[in-house]
Amino acid sequence: MADELLAVRRAKLEKLRSDGIDPFPHAFPGVEPVAAVHTAHAGLADGEETTVAHRVAGRLAARRGQGKMAFLDLVDRSGRLQLQARQDVLGPELHERLLTQVDLGDIIGIDGTALRTKRGEISLRVDAFTVLAKALRPPPSKHHGLQDVETRYRHRELDLMANEEARELFIARAKTVTAVRRALDDAGFIEVETPVLQPLYGGALARPFTTHHHALDRTLYLRIATELYLKRCIVGGLERVYELGKDFRNEGLSTKHNPEFTMVEFYEAYADYGDVADRLETLVRSVAAQVGSVGAVDFEQPWRRVTLRDAIRDKTGIDFTAHADRDSLAAAIGDRLPTDERTWPQLVDDLLSTFVEPDLQQPTFVLDYPVQLSPFAKAHRSQPGLVERWEAFCGGVEIANAFTELNDPDEQRERFEAQARLAAEGDDEAAPYDEVFVQSLEHGMPPTGGVGLGIDRLVMALRDRSSIREVVLFPAMRDA
RNA sequence: GCCCCUGUAGCUCAACUGGCAGAGCAGCGGACUCUUAAUCCGAAGGUUCCAGGUUCGAUUCCUGGCGGGGGCACCA
């Protein structure tokens with residue numbers, strides 16, 4: 001069956017060749033987007049014809065009529081345009097070729113003349129056509145689109161081809177990236193590029209991907225964050241830097257996690273975590289305004305700010321600062337959560353993710369976290385045991401994380417040593433000791449606020465998608 | 001790692017309690033000079049994900065495997 005469909009298309013390919021036509025020519029210069037044809041002739045009356053010539057190109061998406069006049073739909077990146085093929089214009093041979101040798105899914109170029117049909121649709125009368133690429137496989141269903149989720153993820157080109165909303169989503173994603181860059185550029189940040197292949201990974205708590213450099217004969221890690229290199233740029237005096245790119249974490253897949261994902265981190269000298277909260281709020285509001293937001297999340301309203309302590313206390317009645325040791329906190333939690341073999345900071349995190357996070361639908365900053373899970377954040381100026389850190393949530397998902405950055409090299413050393421103890425106990429997400437980074441702090445890093453914003457999750461919020469796989473062009477999959 | 005759901009024609013989907021595996025679109029042959037999910041006529045198109053099992057008989061029930069979706073666990 002499939003073989004028959006392919007054989008029919010191959011036979012047409014050979015027929016084109018035997019007629020002296022190259023089914024894969026090298027270029028087709030002078031093409032206009034089809035949207036330009038629509039706008040140029042918006043004022044035409046029904047049935048009115050012009051002598052205005054246009055050259056367009058795209059994929060043949062539909063065909064109606066097989067007789068001496070047929071209508072075809074051409075789709076390009078700007079939209080859809082109806083073509084009117086007339087035997088009295090093309091002549092019998094070319095008309096026949098357009099209707100029989102050219103298949104749905106083929107890429108074709110059209111030289112035509114604008115008109116509005118009697119039924120009122122802006123169209124292009126076909127004066128000449130050029131096969132630009134013969135499609136040897138059939139396109140997805142023209143009016144059901146492509147529904148199969150697995151095929152949409154494994155063969156995104158078919159999703160893009162068949163589903164308008166898929167194209168819209170990835171265009172919106174591109175606009176999001178552009179808007180983020182513009183907002184940071186306009187605020188005086190410079191974009192830098194730091195190593196993806198790192199001798200030592202750091203800046204987050206996660207398992208890395210490991211690889212090997214043959215010439216240097218050494219292990220390298222794909223970065224889990226850009227944080228430490230960006231802080232070294234701050235030490236060097238660049239003062240406002242950002243990097244937007246992929247991070248890699250060797251952990252489980254979920255609707256919120258892809259092993260490679262896009263993050264923008266920005267660092268601002270002489271700012272603290274309150275300043276960068278304002279900056280993120282302004283930045284995301286600006287991005288949402290430029291890209292548009294279709295979901296229930298309202299980025300316009302001032303974002304709510306609540307301390308982690310109050311957020312958990314409001315939902316559970318538990319004040320974790322009043323239960324400063326593991327057993328006391330576990331007793332307060334009782335049977336609401338499993339507490340065996342959970343450490344104190346893990347229990348705090350469990351309370352957040354179970355009782356608080358799902359309700360954080362509108363944009364919210366949750367402030368002031370326990371020090372144990374934040375080895376790069378500066379101690380809180382007034383709350384012992386806490387650090388100046390916030391996470392931003394919307395749609396029940398964390399989208400950003402920020403600190404007043406730790407710039408005391410001696411304390412940073414102690415934090416690394418604490419992480420090393422965790423690693424010795426078997427924690428494979430503990431941060432490795434990075435002496436080069438500590439020494440850079442010993443040269444003096446100004447007080448600095450830093451933010452990491454997940455681009456994938458921001459796009460999920462802007463386009464109301466519940467799975468990260470919907471907003472990543474080619475998500476990680478098992479072998480088929 | 002665990003739990004639930006799921007896999008049928010190129011695409012979108014049917015098939016009741018186990019009883020000959022079907023439709024629309026696409027494709028193929030034919031008609032058609034204003035269609036737009038074009039219409040009409042005709043003929044085709046299947047390893048029902050894979051391997052076993054139960055049964056006279058399995059798309060259907062059972063076991064295992066593979067893929068996918070969701071959830072739990074894990075998670076800057």
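Note on naming: letters A, B, ... go to the chains in the order of the sequence lines (proteins, then strands), and numbering restarts at 1 for each one.
Within the nucleic acid shown, A:Gly145 comes within 4.0 Å of sugar-phosphate atoms alone, with no base atom in reach, counting heavy atoms only. Residue contacts for A:Gln82: at a heavy-atom cut-off of 4.0 Å it reaches a base atom on one of the strands shown. Looking at heavy-atom distances under 4.0 Å, A:Asp73 makes no contact with the nucleic acid at all. Using a 4.0 Å heavy-atom criterion, one finds that A:Ala431 contacts no nucleic acid atom at all. Within the 4.0 angstrom heavy-atom criterion, no nucleotide atom of any strand lies near A:Ser374.
Nearest heavy atoms, A:Leu453 versus A:Leu280: CD2-CD1, 4.1 Å.
Comparing the P positions of B:C3 and B:U47 gives a spacing of 33 Å, expressed to the nearest Å. Remark: the separation of the C1' atoms in B:U36 and B:A44 is 28 Å, to the nearest Å. Taking the P atoms as reference points, B:A14 lies 39 Å from B:U33, given to the whole Å. Separation of the P atoms belonging to B:G68 and B:C56 is 38 Å when rounded to the nearest angstrom. Rounded to whole Å, the C1' atom of B:G67 lies 29 Å from the corresponding atom of B:G57. B:U6 sits 14 Å from B:C16 when the P atoms are compared, rounded to a whole Å. With C1' as the reference atom, B:U59 and B:G7 are 11 Å apart, rounded to whole Å. Going from the P atom of B:A9 to that of B:C49 covers 8 Å, rounded to whole Å.
The side chain of A:Thr255 approaches B:G71 more closely than any other nucleotide in the set B:G67, B:G69, B:G71. Distance from the side chain of A:Arg63 is smallest to B:G27 among B:G45, B:G27, B:G68.
To the nearest angstrom, P of B:C75 lies 8 Å from CG of A:Asp350. When the P atom of B:U39 is taken as reference, atom CZ of A:Arg64 falls 11 Å away, rounded to whole Å. Across the protein-nucleic acid pair, A:Lys12 atom NZ and B:A26 atom P stand 12 Å apart, rounded to whole Å. Between the NZ atom of A:Lys256 and the C1' atom of B:C74 there is a distance of 12 Å, given to the nearest Å.
Each of A:Leu72 and A:Ser466 has a nearest nucleotide on RNA chain B; the 5'-most of these lies closest to A:Leu72. Remark on RNA chain B: of its neighbouring residues A:Glu49 and A:Thr151, the 5'-side contact belongs to A:Thr151, judged by nearest-heavy-atom nucleotide.
Against RNA chain B, the stretch residues 155-170 of chain A makes no heavy-atom approach under 4.0 Å.
A close approach under 4.0 Å does not occur between any side-chain nitrogen or oxygen of A:Arg9 and OP1 or OP2 of B:G27. Proximity of A:Arg154 to the phosphate of B:G68: a side-chain N or O atom is located under 4.0 Å from OP1 or OP2.
In this structure, A:Arg156 is not positioned above the aromatic face of A:Phe474 in the sense of NZ or CZ being under 6.0 Å from the six-membered ring centre and within 45° of the axis.
One finds a salt bridge joining A:Asp247 and A:Arg223 here, because a Lys/Arg side-chain nitrogen approaches an Asp/Glu carboxylate oxygen to under 4.0 Å.
In this structure, the salt bridge (charged side-chain N to carboxylate O under 4.0 Å, His left out) partners of A:Lys12, at least two apart in sequence or on a different chain, are A:Asp103.
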